[in-house]
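First the structure, in the form of structure tokens, and then the observations on it.
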Amino acid sequence: MDPSRDAHWQEAWAGAGLSRGRRVPGHRKFYALVAYPGPSGFLHVGHLRGYAYADPLHRYHRMRGEEVLFPFGVHASGLPAVTWSRKLQNGDPSILEALSERGIDAAARARLEDPEEAARFLGREYLRVFRRFGALIDESTFLTTVDEDYRAFIRWQFHTLHAAGALVRASYFSSVCPVCGPVAVDPSETDLQSGGDAEIVKFTTVPFRLDDGRILLAATLRPETVFGVTNVWVAPDEMLVVWHHDSGAYLMARPGAERMVEQHGGHLGHEVPVASLRGRQVHVPLRDTRVPILESAVVDPGIGTGIVMSVPAHAPADFAAIGALSGAERARLGAPPVLLEIDANEALSSSEEALRAGEGLPAERALRAVGATSLAEGDAVQEATERLYRLEFVRGRMTVPALKGVPVRRAREQVASQLLPLGGSFELQEFTKPVICRNGHTVVIRRVPEQWFLHYSDPDWKAETKELASRITTWPSEYGRELPSILDWFGDRPSTRRGAWLGTRFPLDPEWIIEPIADSTFYMAYFVVRRFVRDGRLKVDDLSDAFFDFVFRGQGSGDPAVDRGVQEEVREEFRYWYPLDFNIGGKEHKRVHFPVFLYTHVRLVPPELQPRGIFVHGWITGPAGAKISKKEVSSKGGKIPSTDRAMEEWGPDPIRLYFLLAASPSQDFQFEATHVDAARSRLGDIERLVREAIGDAAGPPELDAWLESATHDWVRRAHAAFEATDLRRAAEIVYVEVPALLRRYYTRGGSPGRATDRLVRAWNLFLSPITPHLAEEVGVGRFSSLVARALLPAADTFASSPAAEARESYLDQVEEDLRAVQRASEGRGEGSAGELIFYVADPWKATLESWLRDEVDRKEPPSVRDIMTRVKDHPELVAHRGEIPKYVERVGASLRSEPPREGPEIDEVATLRAAEGYLVRRFGFRSVTVHRESEAAEHDPKGRRDRARPGRPAFYLVGRPAPGA
RNA sequence: GCCGGGGUAGCCGAGCGGCCAAAGGCGGCAGACUCAAGAUCUGCUCUCGCAGGAGUACCCAGGUUCAAAUCCUGGCCCCGGCACCA
């Protein structure tokens, strides 16, 4: 079809007001949306996937006569728009290019340096793209989460949640740039220059007291190994610093001390050179013993506190460091104690076994396993450390008297809690690698006191949410099974933060801004109200708590200052569209957005208004399943085209069809331009088939009956697939099966006429949900108004004829057999056959096979003996008793793996005779003749007629010599 | 580590106990059409074949079953999430 026509139909839909959701009392409704996107930049085709499912669902329901609502907004909260604006401000070339392509002049561009403006701009841009994609979005709902009316809504939501006891306060660790404010540390590096893949490690600090009362504060990941400490390491020639906290004074390296201040307060004091500690001893906590302070390069002063407790038996690095000491020093330390053992009953993997080979301390053996001998082999020592730690953590049990038999993972917690009352034991968090913010500052982890949390760990709230999760429909259903464990794992979440973020000020404390995940959990309800604001029937000032209490919860009588009638109308509107039928989103929402969406609805509305469904789709990936990178989306060489480029290249319908057919919605798949080409050419075929099928002449009655019946069947199945939101199945039926059916009808000798016309009318309508532009284009002249608002036919519009369908599948089977034989004879170079003679099985064989089938159903092996006993009493079969044993042998075994024959009996002879002309044409035979087995003796030179089975006629291909032979 | 998802023909991907040598597409081969190329259409695309069949196959190794790509056990490998990132 002509791609320039796409816009024509989009305007026609808009002109007809199709996208506008209307409340029609008494009509069924369908309300679904795609989880709104953040304004992080321009879109590529991958972003359209959710809409490729959402729009067909809406269109399907519209064509069932339901009222539908498909809203859209932009989740401007948080950093994405801020980051985008900053990039624009810094002259990011790809943004500048995209803007100039869209005709944005310098003045308009300058306005976009304001993040809120940028969010609105990108939102309108997304709307334009979705319109171009053919999605019928109700644009009167369009909002961003930084609009004042939305903020009023969010303030109400938080007042209400607070009143319901859903908010609590506690301290919290947050990644923050000391200059720019909070940042998200994640691999996408939206907020960062580098270090997005850093992980957070949590050290426990352990105090080692000097005789003078000062404390060396070591940091460890394995507090339980305090029982194996032989000495304390410090970095040679370093400077330590005193950290004052409460009444304590702790010595440690400066970087760690600074982290301690961030995370636990206090302040730093004077410096102390390591050299001044030389030769001194410290007391080991939880043990009545003293160990020496030693210097070693094993210590990196940047990690932890720069003070390391040495556990040579279990830490390969410590063992290696001891090896570098002088003999005298080593002698002073004595034999390092072994603290734990690996359960001998545990089955170990071969790599784990390797760690334990040979003699010596565990650390010694681990070093041997990786082939390291000295501290200089850093990577190998590191590997030994990681492998040994993992093994001991997962499989080890303590052997020290105080903790005998306790699994290491439990001992770790126990020791940590024993250390706590001693003072000086803190949690110290740090990144595994430097994290640098967008503006070049080093990101730190800071403790935020009095952070507001949403109290998702509340057992009652959680239980109610799990109950809701068990009621909703999920696609795929696996997600429904995952949800309970996700909800179990779900803990309290910070709901506010400070910094340069977009969002709504927290009404209970305007110092804080509501956190982006928390302000996007109930917005489905607000879309309904938004339309009234947009139409000017409500003003921002009208959106008071009293108003929302009434509209969403039916509490009170609304805001006295607002027109009563309008409030009641909004309430009605909300009651009409709610509950939400589907929340559609990518799999990234599985553990964050969808759970909080359920949680919030549980708190705010009664069960009958709580969500009905969640639809999760996978991602479009780059090669090898990797996440799409920036390079791949880049305008030139990128494999993933921008939305506009894709629309120009293919138009919306091929992409929509490609998305539906390429993979199951829940799976990730790689974008392949050649596959979109294929979808486009498939649509070309379909267009031709639809256009050619017009006519009103009757075809062969049996063929027409079959086509009619097959149509009954696919229409029924297509409805079932859409109703079950099995969109891929629906697409398969409409775009693969139906064209194949029509082609088969022609091959079988049908031609365009009344029968194809009827089929194609239904087909044309079914093309509309997924490829709406094509459906309109080919529907011109066939339908008086837009296809998009016509009603889909019911299956019963078409007469079902099991007999006609049985005849066709019989013929299918016959053709399959013929082809198998032809293949074999062609392999011998015999060329194609000239004559075809059929022998149709005698009726007694059907009786016999039904007996065999009985035995199979009873799970008995077919037995000649049993059959022969039954034959005795059966006059019809007695006559054939000579042939029966052979037949049972031949057919009995294969019957087991054949499906039972279903459907009505057919007249094989008549069916084959009716198909004579077809078979001649199809296979190029000179002639086709059909005999009953019992009457075929003189026409069966090769004795093939015995092979005939009910439903599988025997045949003889009278060979014709190959040309030239 | 924990929690998910996966490993299917040259490639992308359906299937998830018997109708499976495995949908659909891409790529490849052959034929039709064309002066030719492209586009389009038709057929083929694991191996063998003594006529509708046999053999080998769905990561590997075992097991359950009359029957396994599909169920179970154990390996190996890949991908994602792990907390504020929507």
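For Leu957(A), the side-chain atoms get nearest to A51(B) when compared with the rest of C84(B), A51(B), G52(B). Between G53(B), G80(B), C41(B), one nucleotide has an atom nearer to the side chain of Trp619(A) than all others, and that is G80(B). Closest to the side chain of Val821(A), out of C84(B), U40(B), G52(B), is G52(B). The side chain of Glu732(A) sits closest to A23(B) out of A23(B), C84(B), G80(B).
Figure legend. G38(B) is base-paired to no nucleotide; pairs are counted as Watson-Crick or G-U wobble with both atom distances under 3.5 Å. Base pairing annotation: C58(B) forms no Watson-Crick or G-U wobble pair, as no partner gives both donor-acceptor distances under 3.5 Å. Across all strands shown, C82(B) forms a Watson-Crick or G-U wobble pair, both distances under 3.5 Å, with G1(B). The partner of A51(B) cannot be assigned: no Watson-Crick or G-U wobble pair with both contacts below 3.5 Å exists in any strand. Pairing of G10(B), defined by two Watson-Crick or G-U wobble distances under 3.5 Å, is identified with C26(B). Remark: U65(B) base-pairs with no nucleotide in the shown strands. Criterion, Watson-Crick or G-U wobble with two distances under 3.5 Å. If you check C20(B) for Watson-Crick or wobble pairing at under 3.5 angstrom, you find it has no partner at all.
What separates CG of Leu912(A) from P of G52(B) is a distance of 19 Å, to the nearest Å. With rounding to whole Å, Trp84(A) atom CH2 is found 18 Å from A86(B) atom P. If you measure from atom CZ of Arg680(A) to atom P of G24(B), you get 22 Å, rounded to the nearest angstrom. Residue Leu502(A) contributes atom CG, which lies 14 Å from atom C1' of A86(B) at whole-angstrom precision. What separates CD of Glu588(A) from P of A86(B) is a distance of 11 Å, to the nearest Å. The nearest whole Å value for the distance from the CG atom in Asp488(A) to the P atom in G4(B) is 12 Å. One can place CD1 of Ile517(A) at 4 Å from C1' of C84(B), the figure rounded to the nearest angstrom. The separation between His675(A) atom NE2 and G13(B) atom P is 9 Å, rounded to whole Å.
Under the 6.0 Å distance and 45° angle rule, Arg656(A) does not count as a cation-pi partner of Trp650(A).
An OP1 or OP2 oxygen of U42(B) is reached within less than 4.0 angstrom by a side-chain nitrogen or oxygen of Arg743(A). Within the 4.0 Å cut-off from OP1 or OP2 of G53(B), not a single side-chain nitrogen or oxygen of Arg947(A) is found. One finds a side-chain N or O of Arg497(A) lying less than 4.0 angstrom from the OP1 or OP2 phosphate oxygen of C85(B).
At a threshold of 4.0 angstrom between heavy atoms, the contacts of Pro516(A) are confined to the sugar-phosphate backbone, with no base atom among them. Ser520(A) comes within 4.0 angstrom of no nucleic acid atom, judged by non-hydrogen atoms across all strands. Across all strands, Arg591(A) comes closer than 4.0 Å only to sugar-phosphate atoms, never to a base (heavy-atom distances). As judged by a 4.0 angstrom heavy-atom cut-off over every strand, Gly586(A) is placed among residues making no nucleic acid contact. Across all strands shown, Ala954(A) has heavy atoms under 4.0 Å from base atoms, whether or not it also approaches the sugar-phosphate. Using a 4.0 Å heavy-atom distance criterion, Asp677(A) is classed as making no nucleic acid contact. Counting non-hydrogen atoms under 4.0 angstrom, Pro39(A) reaches nothing in the nucleic acid.
Remark: side-chain polar atoms of Asp519(A) are not paired, donor with acceptor, to backbone N or O of Ile514(A) under 3.5 angstrom. Distance alone, capped at 3.5 Å, places no donor-acceptor pair between the His675(A) side chain and the Glu672(A) backbone.
For Tyr810(A) and Glu805(A), the side-chain atoms include no donor-acceptor pair closer than 3.5 Å. Checked by atom type, the side-chain pair Glu427(A)/Gln429(A) shows a donor-acceptor distance below 3.5 Å.
For a distance-only test at 3.5 Å, the side chain of Arg819(A) fails to qualify as a donor-acceptor partner of the base of A51(B). Residue side chain Arg944(A) reaches the base of A51(B) through a donor-acceptor N/O pair under 3.5 Å, judged by distance alone. No donor-acceptor contact under 3.5 Å links the side chain of Arg682(A) to the base of G24(B).
The aromatic rings of Tyr456(A) and Tyr599(A) sit tilted, their planes meeting at an angle between 30° and 60°. Ring geometry for His593(A) versus His589(A): interplanar angle over 60°, hence perpendicular rather than tilted (30 to 60°).
Judged by closest nucleotide on RNA chain B, Gln667(A) is the one of Ser681(A) and Gln667(A) placed further toward the 5' end. Toward the 5' end of RNA chain B, the nearer of the two residues Phe955(A) and Leu661(A), judged by each one's closest nucleotide, is Leu661(A).
Spacing of P atoms, A57(B) relative to G62(B), comes out at 12 Å, to the nearest Å. Here the separation of C50(B) from C29(B), taken at their P atoms, is 28 Å to the nearest Å. Comparing the same atom, P, in A21(B) and in C46(B) gives a spacing of 14 Å after rounding to whole Å. For the P atoms, the distance linking A9(B) with G43(B) amounts to 25 Å, nearest Å. Rounded to whole Å, the separation between the P atoms of U8(B) and C71(B) comes to 16 Å. Nucleotides G4(B) and U42(B) are separated by 47 Å at their P atoms, to the nearest Å. The same atom, C1', is picked in C72(B) and in A51(B); the two are 42 Å apart, to the nearest Å. Remark: the separation of the P atoms in A68(B) and G17(B) is 14 Å, to the nearest Å.
Under the 6.0 Å cut-off for aromatic ring centres, Phe671(A) and Tyr658(A) qualify, their centroids lying closer than that. In this structure, Phe72(A) has its ring center at least 6.0 angstrom away from the ring center of Tyr36(A).
By the 5.5 angstrom centroid cut-off and the 30-degree plane limit, Trp489(A) is classified as stacked against the base of A83(B).
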